[in-house]
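Note sheet for the following structure.
Numbered from 1 within each chain, the chains take letters A, B, ... in sequence-line order.
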Amino acid sequence: MSAHPVRLYDSLRRQKVPFQPVVPDRVGVYVCGPTPYAAAHIGHVYSAVCFDTIRRGLIFLGWQVTYVRNITDVDDKIINRARETGQDPLALSAHFTDEYNADMARFAVLPPDVEPRVSTHIAEIIAITQKLVDAGKAYVVDGDVYFEVATFSAYGRLSGQSVDDLVAGERVAVDERKRAPADFALWKAAKPGEPAWDSPWGRGRPGWHIECSAMSATHLGETFDLHGGGKDLVFPHHENEIAQSQGAHGTHTFARYWLHNGFLNFDGEKMSRSEGNVFSCTQIEREVGTEALRFYFVSHHYRSPIDFEYVATRDAAGALLDVKFPSLEAADRRVEYFYTTLRRNDDFVAQGGDGGEGAVVPEAEQLVPAARDAIADDFNAPVVVAALGEAARLANRLLDEGKGVDKALRRRSLARLGRDLRAVGWALGVLGADPAAYARARRDRLVRKRGLDVAQVEGLLAARAEARKAKDFARADALRGELTALGVEVLDTPGGTDWRILDGAPA
RNA sequence: GGAGCCGUAGCCAAGUGGUAAGGCAGUGGUCUGCAAAACCACCAUUCCCCGGUUCAAAUCCGGGCGGCUCCUCCA
């Protein structure tokens with residue numbers, strides 16, 4: 001089976017274009033990963049989820065994907081943090097790398113096929129730097145090596161900047177030793193206490209940017225398919241990568257398509273520690289569950305910025321007491337709907353079979369092609385989410401109204417819908433859990449948040465069951481009222497009475 | 001100062017030339033001892049404003065207004 005064709009928005013061309021791979025049916029993807037110097041926050045999650053969803057989408061469409069996501073483990077931020085805490089910089093970044101990967105796994109982000117680190121690619125970085133020096137595109141000053149931007153005429157094409165404007169807008173003090181203000185470091189001479197390696201220019205360490213040129217060439221080749229990253233990386237990081245890579249390897253090499261995800265904003269403001277809107281992965285998991293965040297993210301197109309809603313309760317001094325995420329709670333309810341549907345569907349198929357081979361109702365065949373079309377059109381995940389909703393509604397309708405439909409046809413259709421909901425869910429990184437496990441985890445989380453006494457709830461439920469059995473509906477309703485006051489919703493089903501936490505109930 | 005993005009119903013959000021997906025909330029209904037869940041129906045003559053191009057514009061062009069981002073090693 002050959003891969004389904006894809007159209008994608010290329011940041012460099014600034015338009016949607018048909019994707020042409022270097023090698024048929026294969027895609028090499030390089031995504032700029034984290035610089036691990038502190039715990040990951042939901043901004044990291046958004047970036048990781050955007051490209052994970054693109055990766056899953058490509059796989060769903062039949063492409064053989066090689067996914068490379070680097071770790072920048074040698075960097076000023078890491079060195080500074082290590083100095084503050086008295087740790088070894090590489091040990092510190094290794095620690096936060098492990099934490100980062102564990103955090104991303106919670107949000108169903110697949111591990112990369114290759115996860116290269118700066119510290120293990122020093123030789124490759126030196127080699128490409130040497131190539132640039134030899135070609136007269138970089139120069140050495142006091143053990144530093146700088147890329148000379150003037151040697152690359154296309155500089156600024158990706159970001160829409162002109163070199164002259166960059167000089168005019170320069171806000172940081174210009175290093176007088178550089179030939180031009182826009183020139184940037186490929187290699188930095190060692191300073192005391194910093195990690196350093198031997199090089200032809202003396203001991204030192206790589207500058208920022210060069211590692212991605214070296215590592216992408218090493219693992220994907222000098223020309224590869226897709227390069228991704230956050231919009232903030234367009235300038236200078238990606239611009240510099242292009243200049244370095246093409247300077248070293250030739251003009252028409254490097255990434256054939258550039259993908260950039262939008263940023264997360266918070267009530268119109270940028271995320272920052274001082275605003276108190278840097279939310280951790282653990283905090284999200286505790287408040288709304290990880291799948292709610294993933295579902296919320298894939299309900300937006302990856303290129304659009306997300307204005308992230310939160311409601312903070314603060315004390316008189318302005319310190320944060322509590323944070324709520326209403327839009328994530330809504331996403332969690334929607335996720336619950338899908339799992340409830342899957343659970344009903346699973347039970348139905350498990351009890352009476354899948355109807356064997358044969359046709360299904362026509363609407364039940366629409367989910368996969370609809371998802372395929374949406375993914376193939378610049379990875380339009382929100383449209384896939386809509387298609388999932390249509391399919392779940394159809395499943396519920398078939399489950400509700402069996403009469404008038406051929407028995408085996410109905411079973412086949414439902415079995416098909418159950419499979420396809422999961423397959424398409426996989427493409428978005430959602431609906432991968434066991435429905436019962438999801439329901440349990442959700443209830444446990446809400447019980448914990450509300451500080452509910454489960455034994456008390458179960459006692460009231462038992463009493464109500466007695467009353468109902470005795471047809472004492474007045475008493476049953478009174479008990480329901482008590483449970484409602486506790487924030488518990490009682491669900492009478494043919495299979496018995498279940499309960500859940502009432503949404504919006506007092507904490 | 002330079003570069004770029006965005007403005008679609010009460011809210012969230014697709015749609016980039018062919019006559020407004022989907023979700024939340026809301027209203028009515030089916031079902032139910034009562035509920036909930038689920039399902040059905042209704043819910044933008046219109047896409048920030050003003051011009052223009054076109055047989056046709058939310059989509060293209062010009063001009064406003066409003067919000068945001070990058071140029072600060074922040075994902």
Side-chain angles (χ1 to χ4, degrees), chain A residues 11 14-16 31-35 40-51 72 75-78 80 100 156 159-162 164-172 182 184-185 207-209 229-237 239-240 260-265 268-273 278 295-296 299-301 303-307 309 326-327 329-331 333-334 336-337 340-341 344 370 374 377 380-390 392-401 468 471-474 476-477 480-481 484 489-494 497-500 502:
Chain A
S11 302
R14 293 167 207 281
Q15 58 182 327
K16 254 189 230 179
V31 175
C32 288
T35 299
H41 56 247
I42 60 176
H44 295 102
V45 179
Y46 184 48
S47 232
V49 164
C50 285
F51 290 104
T72 302
D75 176 271
D76 290 350
K77 293 188 296 271
I78 295 168
N80 291 339
Y100 175 85
S159 57
Q161 312 272 343
S162 78
D164 295 343
D165 294 335
L166 289 170
V167 175
E170 196 73 47
R171 284 201 222 166
V172 288
F184 55 91
W208 185 43
H209 314 308
K231 257 185 178 133
D232 60 319
L233 296 176
V234 171
F235 189 89
H237 186 58
E239 196 71 73
N240 291 354
H260 289 101
N261 71 277
F263 246 38
L264 216 47
N265 291 309
E269 298 190 4
K270 206 178 156 170
M271 175 166 59
S272 72
R273 305 213 179 263
V278 178
F295 185 85
Y296 181 75
S299 299
H300 298 69
H301 187 89
R303 274 191 289 116
S304 307
I306 294 186
D307 194 31
E309 181 195 17
S327 44
E329 286 170 13
R333 266 174 259 136
R334 189 66 179 158
E336 188 198 26
Y337 165 80
T340 304
T341 304
R344 292 182 70 197
D377 183 16
N380 198 329
V383 171
V384 179
V385 170
L388 281 173
E390 308 265 5
R393 185 149 46 99
L394 173 63
N396 278 310
R397 198 160 55 211
L398 286 168
L399 287 162
D400 282 349
E401 295 159 21
R468 288 184 76 212
K471 298 256 189 278
D472 183 357
F473 293 121
D477 287 349
R480 177 192 282 283
T484 303
E489 197 163 63
V490 179
L491 317 173
D492 292 327
T493 73
T497 298
D498 198 2
W499 61 283
R500 66 202 275 272
L502 197 59

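Separating the CG atom of A/Leu264 from the C1' atom of B/rC70 is a distance of 17 Å, rounded to the nearest angstrom. In this structure, A/Leu398 places its CG atom 11 Å from P of B/rC40, rounding to the nearest Å. For the pair A/Asn80 CG and B/rU72 C1', the interatomic distance rounds to 15 Å; values are reported in whole Å. A straight line from CG of A/Leu394 to P of B/rG22 spans 15 Å, rounded to a whole angstrom. In this structure, the OH atom of A/Tyr296 is 9 Å from the P atom of B/rC12, given to the nearest Å. Atom CH2 in A/Trp499 sits about 15 Å away from atom C1' in B/rA36, given to the nearest Å. Atoms NE2 (A/His209) and P (B/rC71) sit 11 Å apart, rounded to a whole Å. What separates CG of A/Asp232 from C1' of B/rG4 is a distance of 14 Å, to the nearest Å.
Stacking between A/Phe263 and the base of B/rA75 is present: ring centres sit under 5.5 Å apart and the planes differ by under 30 degrees.
For A/Arg468, whose side chain is taken as the heavy atoms from C-beta onward, the closest listed nucleotide among B/rC34, B/rA3, B/rA38 is B/rC34. Closest to the side chain of A/Phe235, from the set B/rC73, B/rC24, B/rC71, is B/rC71. Distances from the side chain of A/Arg14 to the nucleotides B/rA36, B/rC39, B/rG4 place B/rG4 closest. Comparing B/rA3, B/rC39, B/rA36 by their nearest atom to the side chain of A/Tyr337 picks out B/rC39. Distance from the side chain of A/Asn265 is smallest for B/rU69 among the nucleotides B/rC70, B/rU69, B/rU16. Minimum atom distance to the side chain of A/Phe473 is reached by B/rG33, of the listed B/rA36, B/rG33, B/rU16.
Here the side chain of A/Arg480 pairs a donor or acceptor atom with the backbone of A/Val490 at under 3.5 angstrom. With A/Glu239 contributing its side chain and A/Gly156 its backbone, the two residues share a donor-acceptor pair below 3.5 Å.
Of the two residues near RNA chain B, A/Ala330 and A/Ser299, the one whose nearest nucleotide lies more 5' is A/Ser299. Heavy-atom nearest nucleotides on RNA chain B were determined for A/Ala474 and for A/Gly229, and the one closer to the 5' end corresponds to A/Ala474.
A sub-4.0 Å separation between OP1 or OP2 of B/rC40 and a side-chain N or O of A/Arg397 is present. A close approach under 4.0 Å does not occur between any side-chain nitrogen or oxygen of A/His301 and OP1 or OP2 of B/rA14. Here A/Asn396 reaches the OP1 or OP2 of B/rC39: one of its side-chain N or O atoms lies under 4.0 Å away. For B/rA35, the OP1/OP2 oxygens have no side-chain nitrogen or oxygen of A/Thr497 closer than 4.0 Å.
Comparing the same atom, C1', in B/rC71 and in B/rC60 gives a spacing of 30 Å after rounding to whole Å. With both ends at atom P, the span from B/rG17 to B/rA58 equals 13 Å, rounded to whole Å.
The residue A/Arg480 sits close to a base: some heavy atom pair falls under 4.0 Å.
In this structure B/rG1 sits in a base pair with B/rC71, meeting the Watson-Crick or G-U test at under 3.5 Å.
When all heavy atoms of A/Ala392 and A/Thr341 are compared, the pair lying nearest together is O-CG2, 3.7 Å.
With hydrogens and angles left out, the side chain of A/Asp492 and the base of B/rC34 share a donor-acceptor pair within 3.5 Å.
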